[in-house]
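Residue numbers start from 1 in every chain, and the chains themselves are labelled A, B, ... in the order their sequence lines are given, proteins ahead of strands.
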Amino acid sequence: MIPRLHGPRAGARDSDMGGAYSPKELREKWQAYWEKNETFRAPNPGEPDFDPSRPKAYILDFFPYPSGAGLHVGHPEGYTATDIIARYRRMRGFNVLHTMGWDAFGLPAEQHAIETGRHPAVTTERNIATFRRQLKALGFSYDWRREFATTDAAYYKWTQWIFLQIFNSWYDDEHRKARPIGELPIPPEIAARGEKAVGAYVDSRRLAYLAEVPVNWCPALGTVLANEEVTSEGRSERGDHPVYKRPLKQWMLRITQYADRLAEDLDELDWPESVKLMQRNWIGRSEGAQVRFAIDGHPDALEIYTTRPDTLYGATYMVVAPEHPLVRKITTADHRAAVEQYCAAATQRSELARTAEAKEKTGVFTGAYAVNPVWPEGDARARIPVWVADYVLMSYGTGAIMAVPGGDTRDYEFAKVMNLPIVDVVYPEGVDPKGSLDDREAQIILRLAAKPVAREFLAPAMKAGRLFDLIGTAFVDDGRAANSPPADVKSADVCHLNGLPVFEAKRKITAWLEERGAGRAAVNYKLRDWLFSRQRYWGEPIPILHGPDGALVPLEESELPLTLPEMDDFRPTMRDEGDSSMPEPPLGRARDWATVTRGGKSYKRELNTMPQWAGSCWYYLRFCDPWNDKRFVSAEAERYWMVSLRKDGRPHTGGVDLYMGGAEHAVLHLLYARFWHKVLYDLGYVSTPEPFGKLFNQGMIRAFAYKDARGVNHGYDEIEFRDDGTAVLRETGEVLSAAVEKMSKSLKNVINPDDVVAEYGADALRLYEMFMGPLDASKPWNPRDVPGVFRFLQRTWRLIVNEDTGGLSSFVAVGADPVDPLERALHKTIQKVTLDIERMAFNTAISAMMEFVNEAYRVKSIRKDQAERFVIVLSPFAPHLCEELWQRLRGAAWTGSVSKEPWPAWDEKLVVDDEVEIPVQVNGKVVARMMIAKDADEPTVKSAALALPKISERIGDAAIQKTIYVPGRMLNLVVRS
RNA sequence: GCCGAAGUGGCGGAAUUGGCAGACGCGACGGAUUCAAAAUCCGUUUCCCGCAAGGGAGUGAGGGUUCGAGUCCCUCCUUCGGCACCA
């Protein structure tokens with residue numbers, strides 16, 4: 001509900017067309033016209049009206065998920081922006097691909113279906129119909145012929161097909177690309193072991209593989225979840241249910257193979273830096289070393305990964321994750337009970353729950369000792385205890401660490417709790433650990449210190465190697481190695497790091513380790529392989545059969561699509577919290593469907609379905625050629641719509657020319673889609689290494705939420721606004737507190753675009769969304785501001801149309817002075833709007849058009865050709881109004897939609913004024929203003945300025961020391977005061 | 001805790017390369033029109049002092065660079081977003 005403030009006339013005058021501005025009638029009239037004439041049809045290469053001489057622009061919105069709640073005003077923000085760009089590009093002579101479709105599989109639809117007892121196919125269809133109706137009401141120029149949903153069998157046939165391409169590929173590290181599985185070289189020792197061994201080897205190298213992995217099992221949702229779908233509190237993002245770690249056999253996609261390329265190729269993309277950074281952080285590449293520690297009196301060695309091999313001399317203990325396979329082997333008898341108890345407790349909870357709870361570090365000693373390879377043979381300091389602690393994660397690196405409490409805050413905290421020794425191995429740059437401290441060194445240390453420290457304590461503490469005591473934590477910054485090794489180590493057979501800066505010490509020790517076979521340089525990523533199966537009904541079935549012998553048999557392409565079985569009961573098997581029995585996917589209940597007999601053998605279908613991300617991983621490719629039943633996209637259409645050239649003539653790395661959506665998909669969707677795209681690229685199915693060349697994140701639209709004294713939220717229908725702007729509860733008159741919040745049902749602050757369209761029209765909604773502020777900023781929706789842009793549309797209407805007669809207004813003149821003042825204003829407006837659209841600054845483009853209309857009212861006259869050019873530049877923003885004005889202005893000469901008109905040009909000579917007003921400053925302060933010729937030279941301007949009484953008064957007899965003149969902008973006279 | 005973005009009138013925001021702070025819109029105030037109101041049209045509107053002419057202050061706070069800083073640098077505060085034992 002939009003509070004009706006002053007009851008605009010739009011609603012009242014909807015019926016009497018003729019002369020009044022009637023958004024509703026214009027909307028119906030022109031939307032029918034566009035549909036009938038296929039105005040926004042984008043012909044593909046090969047279609048008769050395709051014009052290959054035009055450049056292409058692929059302008060795409062994030063695939064919406066058609067929720068049951070329908071659109072809210074946040075959706076059309078990005079859609080309006082891309083629509084303006086799409087319309088503008090067409091008028092600039094581009095072939096524009098601008099499309100819309102539905103990401104319709106997934107958990108929310110299924111949850112909703114379960115709650116209402118209706119089949120998800122039914123509710124999905126209904127939700128799509130609502131979204132389509134709401135979007136069409138806003139007059140977006142999509143080529144609706146290309147619309148599809150991920151739930152269409154004709155679409156997910158190809159989603160399954162792409163899955164099979166991934167399944168049938170392996171990653172060739174040498175050539176850094178995916179290759180067909182048939183080209184995988186089989187090592188002779190595997191081949192020697194027979195067909196079964198070869199099969200297992202091949203399966204283990206596929207980019208889609210089955211693995212027994214600890215997964216996030218959510219009993220309440222009856223499914224496993226990807227790490228990304230679990231909150232930092234260890235609960236499900238959807239529904240906030242508890243999540244547990246369970247080892248389960250699951251489909252995984254080997255996205256980690258692409259970690260480096262996914263990170264590197266970001267450099268080439270025109271994306272917001274913040275998104276690139278988030279992706280880089282998510283991929284989390286780190287360089288370090290893998291080091292082998294022998295276990296004292298034990299054949300096994302402990303492999304650890306560290307980014308700080310330079311601190312090896314500071315390792316005073318080791319930690320292994322509770323799930324580490326060596327734990328059972330190395331734990332000594334007298335520690336067994338405590339260790340087993342600790343590990344059992346840790347594995348019960350998910351990793352995420354574990355980390356969330358852990359305020360204080362916990363752990364137990366295994367009784368075993370490791371041997372640090374950097375110390376000389378027989379040095380007692382080499383022998384360090386091995387602990388088990390849950391602050392070390394099995395899933396990162398090797399699941400084991402060397403603990404350097406002097407150089408790592410986590411190790412420091414643990415060492416403090418467990419009373420383990422701590423030594424300094426790095427000192428701040430500029431501090432010499434051996435000498436007596438001078439003032440400069442003391443300064444550096446005191447700046448680091450947590451608490452004030454008396455000067456005389458510094459030197460002794462440093463000598464004793466207790467820098468950490470002074471600063472109250474580990475020293476983690478850059479600096480130089482110290483005590484590495486300590487002075488008393490005399491052996492020649494050690495690696496000397498003392499005095500080296502961190503980066504050099506790392507290099508030296510890594511080489512040293514490598515020489516002795518004790519370690520090697522290593523790279524690690526935070527990114528994990530993508531958990532790809534869900535125990536759910538409403539998703540794409542995975543097209544794989546399981547043979548009686550465990551063999552994995554992909555379906556043939558001719559067997560696709562593998563459609564979902566019709567089921568009455570599609571609910572997941574939900575479990576109680578403590579229930580640890582295996583989840584059973586709903587598809588298992590479709591007995592006839594689940595079993596296939598082939599060549600006398602009985603095969604079981606894969607019962608898991610794909611996650612929601614699958615369908616949105618490649619939809620942008622399908623839009624290029626959505627009718628194709630032979631291929632996921634024709635090579636010709638893919639090449640035409642996806643390949644653009646840069647200014648320097650090289651092909652762009654990414655195909656979509658503008659990809660618009662919210663920042664909430666900054667990592668997951670965009671990373672997954674990039675991964676699929678790269679696999680398709682490696683296999684030769686697409687022409688660009690990246691899917692999206694330019695990305696833009698629109699900001700979130702938030703709204704005021706009103707709370708009463710008890711903290712209860714009230715919707716706009718219960719509220720009245722006083723003249724001073726405060727909101728009061730209509731029933732009681734209680735003053736409500738207002739705060740800008742995310743729109744949500746519970747806060748009762750959701751604005752429905754239908755209401756805005758009904759009251760002010762689609763053009764006003766579009767215009768307001770663009771006028772609110774910069775597209776990428778988060779902005780509050782203010783219902784009071786909507787009438788402002790509505791008034792502008794009305795003023796524009798009345799400037800051109802006589803409200804009484806419906807003919808052209810008396811302002812519209814034919815034939816006048818060719819360069820009248822309004823002509824200059826129009827050229828400035830065209831320039832401003834053009835440049836602003838190019839940089840997606842729609843708010844300032846609109847204010848420029850408002851200024852033009854104000855100017856036209858001021859001079860009370862506008863030439864017909866001026867009105868026509870103005871209508872063209874306004875038309876991408878307010879298409880319904882402008883179609884009508886265009887038709888009325890053209891009269892008998894009208895030939896069709898304004899959207900087919902070429903974009904008007906501006907004359908550079910007319911956008912700069914001959915005379916300009918500039919400020920005159922004295923010592924940088926503005927003292928006076930004056931008019932000058934725009935190209936006047938400095939002496940002229942200066943003498944004119946000195947003639948101004950205010951200036952001469954201010955300067956008096958002081959001498960002018962310096963004159964700064966910025967031509968046409970300002971003059972600054974510097975005098976000694 | 002770490003990383004990132006942002007703080008400008010009563011409100012949304014503008015200032016594109018270091019060069020007139022507050023464009024445009026909302027709200028408010030005044031006027032015209034009207035029997036009256038709505039709507040419309042025309043003005044005023046950063047704050048403080050002043051009847052006025054005029055003067056002073058001013059872009060989260062403090063410091064710096066510069067003839068000149070909303071814009072660049074340093075320190076801090078606040079808000080929003082992301083990550084969160086990743087060794």
Side-chain angles (χ1 to χ4, degrees), chain A residues 5-9 12 232 272-275 277-278 280-282 284 286 288 304-308 311 319 351-352 354-356 358 361 389-393 395-404 407-411 413-414 524-528 663-664 666-667 697 699-700 702 723-725 740 768 771-774 776-789 791-792 794-795 798 803 832 835-836 839 841 843-851 854 857-858 916-926 929 961-966 968-975:
Chain A
L5 291 155
H6 296 298
R9 291 199 294 179
S232 54
E273 280 307 316
S274 60
V275 175
L277 195 70
M278 274 193 255
R280 284 200 188 94
N281 289 344
W282 191 266
S286 75
I304 61 104
Y305 172 75
T306 177
T307 55
R308 293 295 301 275
T311 63
V319 184
E351 234 168 49
L352 289 150
R354 223 156 77 190
T355 57
K361 296 224 166 1
D390 66 2
Y391 82 91
V392 170
L393 309 175
S395 50
Y396 184 80
T398 61
I401 62 156
M402 66 170 191
V404 184
D408 183 287
T409 41
R410 294 153 302 179
D411 298 341
E413 284 163 23
F414 189 82
N524 246 303
Y525 298 93
K526 288 206 283 188
L527 186 69
R528 318 276 165 83
E664 67 275 14
V667 177
N697 291 129
M700 196 192 307
R702 302 189 296 166
D723 278 350
D724 61 357
V740 175
Y768 176 58
F771 187 63
M772 292 173 77
D776 55 359
S778 152
K779 309 157 283 255
W781 182 275
N782 186 353
R784 282 173 176 245
D785 286 339
V786 183
V789 292
R791 270 202 280 273
F792 163 66
Q794 276 192 310
R795 269 165 80 78
R798 282 194 303 266
E803 282 197 287
K832 175 83 177 148
L835 298 180
D836 280 356
R839 64 185 184 106
N843 52 335
T844 49
I846 293 167
S847 67
M849 291 186 282
M850 287 172 165
E851 284 180 88
N854 290 345
Y857 269 83
R858 213 163 288 135
V916 288
E917 192 192 55
I918 63 158
V920 181
Q921 302 178 344
V922 175
N923 290 340
K925 288 190 84 139
V926 178
R929 294 167 215 282
Q961 301 209 308
K962 197 170 173 186
T963 306
I964 295 126
Y965 176 58
V966 182
R969 306 219 53 163
M970 50 79 65
L971 176 73
N972 186 13
L973 303 170
V974 183
V975 299

For this session: Find the distance A:Q794:CD to B:C26:C1' and express it as a whole number of Å.
Result: 16 Å
Exercise. Can you list the residues that meet the side chain to side chain contact (heavy atoms under 4.5 Å, CB included) rule with A:R308, with sequence neighbours excluded?
Worked result: A:T306, A:D310, A:T311, A:V426, A:V502, A:K506
Problem set entry | Closest nucleotide among B:U40, B:A57, B:C67 to the A:R798 side chain | B:U40
Seminar exercise, completed: A:A666 meets the side chain to side chain contact (heavy atoms under 4.5 Å, CB included) criterion, sequence neighbours left out, with A:V275, A:M278
Exercise. Say you pick atom C1' in B:C74 and the same atom in B:A69; how far apart are they, in whole Å?
Worked result: 15 Å
For this session: Using the P atoms only, state how far B:C73 lies from B:G82, rounded to an integer number of Å.
Result: 26 Å
Problem set entry | side-chain hydrogen bond (donor to acceptor under 3.5 Å, both in side chains) partners of A:T844, counting only residues at least two apart | A:D836
For this session: For A:E917, enumerate each residue passing the side chain to side chain contact (heavy atoms under 4.5 Å, CB included) test, keeping only those at least two apart in sequence or located in another chain.
Result: A:R929, A:M931
Exercise. Can you tell me how far C1' in B:G62 sits from the matching atom in B:U44, rounded to whole Å?
Worked result: 37 Å
Problem set entry | A:G397 versus A:N524, closest heavy-atom pair with distance | CA-ND2, 3.6 Å
Exercise. Between B:G7 and B:A21, how far is it from one C1' atom to the other, in whole Å?
Worked result: 16 Å
For this session: With C1' as the reference atom in both, quote the distance from B:C51 to B:A57 in angstrom, rounded to an integer.
Result: 22 Å
Problem set entry | Which nucleotide in B:C67, B:C42, B:A87 has an atom nearest any side-chain atom of A:Y857 | B:C42
Problem set entry | Those residues that, when tested against A:Y965, pass side-chain hydrogen bond (donor to acceptor under 3.5 Å, both in side chains) (two or more places apart) | none
Exercise. Which string of ( ) [ ] | and . matches RNA chain B, if you list each base 5' to 3' and count Watson-Crick or G-U pairs only when both distances are under 3.5 Å?
Worked result: (((((((..(((......[....)))((((((.......))))))((((....))))..(((((..]....))))))))))))....
Seminar exercise, completed: In whole angstroms, the gap separating P of B:U66 from CD of A:Q961 amounts to 15 Å
If you restrict it to nitrogen or oxygen atoms, what contacts under 3.5 Å exist between nucleotides 16-20 of chain B and the protein, and what is each distance?
unit_1, atom_1, unit_2, atom_2, d
B:U16, O4, A:K832, NZ, 2.5
B:C20, O2, A:R929, NH1, 2.3
B:C20, N4, A:E917, O, 3.2

Seminar exercise, completed: Residues passing the side-chain hydrogen bond (donor to acceptor under 3.5 Å, both in side chains) test with A:T409, sequence neighbours excluded, are none
Exercise. Which heavy-atom pair separates A:Y305 from A:T398 by the least distance, and what is that distance?
Worked result: N-OG1, 3.7 Å
Exercise. Which part of the nucleic acid, if any, lies within contact of A:S286, taking any heavy atom under 4.0 Å across all strands shown: a base, the sugar-phosphate backbone alone, or nothing?
Worked result: sugar-phosphate
For this session: For A:N281, check side chain to side chain contact (heavy atoms under 4.5 Å, CB included) against everything at least two apart and list the hits.
Result: A:L277
Pick out the pairs of N or O atoms, protein on one side and nucleotides 22-24 of chain B on the other, that lie under 3.5 Å.
unit_1, atom_1, unit_2, atom_2, d
B:A23, O2', A:E851, OE1, 3.3

For this session: Taking atom P in both B:U59 and B:G22, compute the distance separating them and give it to the nearest angstrom.
Result: 14 Å
Seminar exercise, completed: Regarding B:G60, purine or pyrimidine glycosidic angle vs 90° from 0 gives anti
Exercise. Taking atom P in both B:A37 and B:G31, what distance in whole Å separates the two?
Worked result: 11 Å
Exercise. By ring pair (Phe, Tyr, Trp, His ring centres under 6.0 Å), which residues pair with A:F771, not counting sequence neighbours?
Worked result: none
For this session: Could I get the full list of side-chain hydrogen bond (donor to acceptor under 3.5 Å, both in side chains) partners for A:N843, not counting sequence neighbours?
Result: none
Exercise. How far does the C1' atom of B:G13 sit from the matching atom of B:C24, given to the nearest Å?
Worked result: 9 Å
